[in-house]
Chemist: 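My structure is below; once you've seen it, I'll send some questions.
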Amino acid sequence: MRKFSRRDFLRLAGGVAVASALPNPAWAGILDRLLHEPALLRPAITPNDKFYVTSYRSAPDIRLDQWSLAIKGLVEKPLTLTHADLLARPAVAQIVTLECVGNGVAADAISTAEWKGLPLKALLDEAGASSQAVDVIFRAADGYSDSIPLARARAGDVLVAHTMNGVPLPRGHGFPARMIVPGIYGMKNVQWLTEIELVGEDYKGYYQQKGWSDEAAVKTSSHIDLPGHGGVVKGREALVQGFAFAGTRRIKKVEVSFDDGETWREAQLEPELAPAAWRFWSYRWELPKPGRYSIAVRATDGRGRLQSTEEQAAFPDGAGGLHENTVNVIA
Ligand SMILES: Nc1nc2c(c(=O)[nH]1)N[C@H]1C(S)=C(S)[C@@H](COP(=O)(O)O)O[C@H]1N2
Ligand SMILES: [Mo]
């Protein structure tokens with residue numbers, strides 16, 4: 001059986017945070033702490049076995065003695081790295097949130113990990129990438145491919161990752177190497193990487209050939225974790241919590257509405273986990289008279305742009321619209 005964790009306690013306590021009805025001051029202290037502390041409902045870092053999975057086929061079985069990573073195309077000096085070469089090079093670690101382009105407001109295909117690996121920039125420099133190159137193509141052992149522009153590939157935050165939350169990439173998440181491109185939808189974070197090729201024209205990958213966005217920058221989105229949809233709250237106030245995400249544009253502001261978007265109140269932001277990770281927020285809701293209320297959330301990115309409030313399907317460039325939970329306030 002699972003241990004009863006702080007997170008579970010918050011699930012129970014978060015919906016019914018009652019200061020006035022408390023029997024004794026000790027409890028008041030505990031609940032008060034819960035209300036004031038950063039209380040994360042989903043863990044800030046997703047455990048590997050809870051990390052969302054998307055692949056167009058099943059994960060390939062890769063034998064390390066047969067695996068290598070080629071860097072080729074418009075380069076002065078093509079390279080081939082064995083698995084030992086990959087692990088021997090200086091690696092950097094960073095926390096990055098991945099989101100599937102098909103993720104909706106229910107937020108079931110978004111997760112965060114600490115990824116460690118080689119900066120792609122170092123490999124491009126070593127191979128002598130030509131400035132004639134337009135796109136950098138990533139090809140994989142399962143036949144999948146995608147690309148990013150050379151200019152994006154040269155930034156220091158793009159990784160050829162071999163480690164996920166401190167362990168070698170699990171087979172289901174790209175073993176032995178995958179791309180991590182912060183701020184771009186999951187589809188461009190190619191797993192089971194075998195080849196990096198620089199080409200002089202725009203390349204259309206697996207999903208682009210099916211009409212999905214090639215730019216694929218994540219849209220600004222926000223999500224309410226607590227109270228959940230259909231949740232019940234009572235007492236003087238309840239803690240409303242969730243996360244927002246805008247990729248590398250970061251999150252500047254989160255607001256919540258309890259009156260169908262007529263008025264908005266600013267939520268409190270938790271400290272930033274990392275520049276391209278989700279950001280948690282909370283709001284202490286002074287409870288109104290009993291009844292059904294819809295809670296909505298919206299985020300503003302670091303450039304001052306409000307997320308799109310218009311409902312939009314995931315195809316072709318990511319879902320739009322506000323997340324809302326209906327909650328019952330009882331006496
Ligand atoms: N080789 C390969 N890489 C891939 C895919 C795939 O099918 N094959 N799916 C992509 C998609 S659509 C997403 S959302 C992410 C998901 O990564 P995850 O399963 O580790 O969360 O991997 C991307 N990389
Ligand atoms: Mo995806």
Side-chain angles (χ1 to χ4, degrees), residues 42-43 45-63 66-70 86 94-117 120 135-148 152-153 158-197 203-219 221 245 247 276-278 312-320:
R42 36 184 95 221
I45 304 286
T46 316
N48 287 354
D49 63 347
K50 297 274 161 38
F51 204 98
Y52 85 88
V53 172
T54 310
S55 59
Y56 84 118
R57 287 184 190 175
S58 55
D61 251 322
I62 291 180
R63 285 192 44 187
Q66 284 163 15
W67 181 86
S68 64
L69 175 61
L86 181 78
Q94 64 194 25
I95 295 171
V96 175
T97 295
L98 282 193
E99 179 181 17
C100 181
V101 66
N103 191 35
V105 292
D108 40 14
I110 182 166
S111 304
T112 300
E114 187 207 54
W115 309 95
K116 191 174 163 196
L120 177 59
D135 260 1
V136 178
I137 304 172
F138 308 114
R139 292 202 178 84
D142 62 347
Y144 188 87
S145 67
D146 208 330
S147 66
I148 58 173
R152 181 72 189 92
V158 177
L159 294 187
V160 176
H162 50 63
T163 301
M164 180 180 185
N165 291 333
V167 298
L169 287 177
R171 177 168 168 258
H173 293 287
F175 179 83
R178 76 173 301 166
M179 293 310 304
I180 292 294
V181 189
I184 295 179
Y185 280 119
M187 63 182 164
K188 298 209 164 252
N189 293 249
V190 174
Q191 309 183 58
W192 309 291
L193 191 64
T194 55
E195 220 176 79
I196 297 174
E197 185 183 2
Y203 179 81
K204 300 280 180 233
Y206 178 80
Y207 280 112
Q208 284 76 53
Q209 286 171 31
K210 298 184 181 310
W212 291 87
S213 168
D214 195 11
E215 196 193 333
V218 301
K219 289 186 176 169
S221 66
F245 182 53
W278 52 21
Q312 204 184 331
F315 185 83
D317 61 355

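Keep in mind that the numbers below use all heavy atoms, side chains included, and drop hydrogens, waters and symmetry copies. In listed order, ligands and their atoms are each counted from 1.
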Chemist: Provide the number and element of each atom of ligand 1 under 4.0 Å from a heavy atom of V190.
Modeler: 3 (N), 24 (N)
Chemist: State the atoms of ligand 1, each with its element, that fall below the 4.0 Å cut-off from a heavy-atom position in W192.
Modeler: 1 (N), 2 (C), 8 (N)
Chemist: If the cut-off is 4.0 Å to any non-hydrogen atom of A140, which atoms of ligand 1 fall inside it?
Modeler: 1 (N)
Chemist: Could you establish whether M179 and ligand 1 come within less than 4.0 Å of each other, counting only heavy atoms on the residue side?
Modeler: no
Chemist: Would you please indicate yes or no on a ring centroid separation below 6.0 angstrom for F51 and W115?
Modeler: yes
Chemist: Which atoms of ligand 1 have any heavy atom of V53 under 4.0 Å away?
Modeler: 19 (O)
Chemist: Can you list the ligand 1 atoms lying under 4.0 Å from a non-hydrogen atom of N189?
Modeler: 22 (O), 23 (C), 24 (N)
Chemist: Would you say Y207 touches ligand 1, if touching means a heavy atom closer than 4.0 Å?
Modeler: yes
Chemist: Check each atom of ligand 1 against the heavy atoms of C100 and keep those under 4.0 Å away; list them by number with element.
Modeler: 14 (S)
Chemist: Test of understanding: given a 4.0 Å heavy-atom threshold, classify the contact between Y144 and ligand 1 as side chain, backbone, both, or neither.
Modeler: side chain
Chemist: With heavy atoms under 4.0 Å as the rule, classify the contact between T54 and ligand 1 as side chain, backbone, both or neither.
Modeler: both
Chemist: Side chain, backbone, both or neither: which part of F51 has a heavy atom under 4.0 Å from ligand 1?
Modeler: side chain
Chemist: Side chains of V101 and Y207: closer than 4.5 Å at any heavy-atom pair?
Modeler: no
Chemist: Heavy atom under 4.0 Å from ligand 1: found in R178's side chain, backbone, both, or neither?
Modeler: side chain
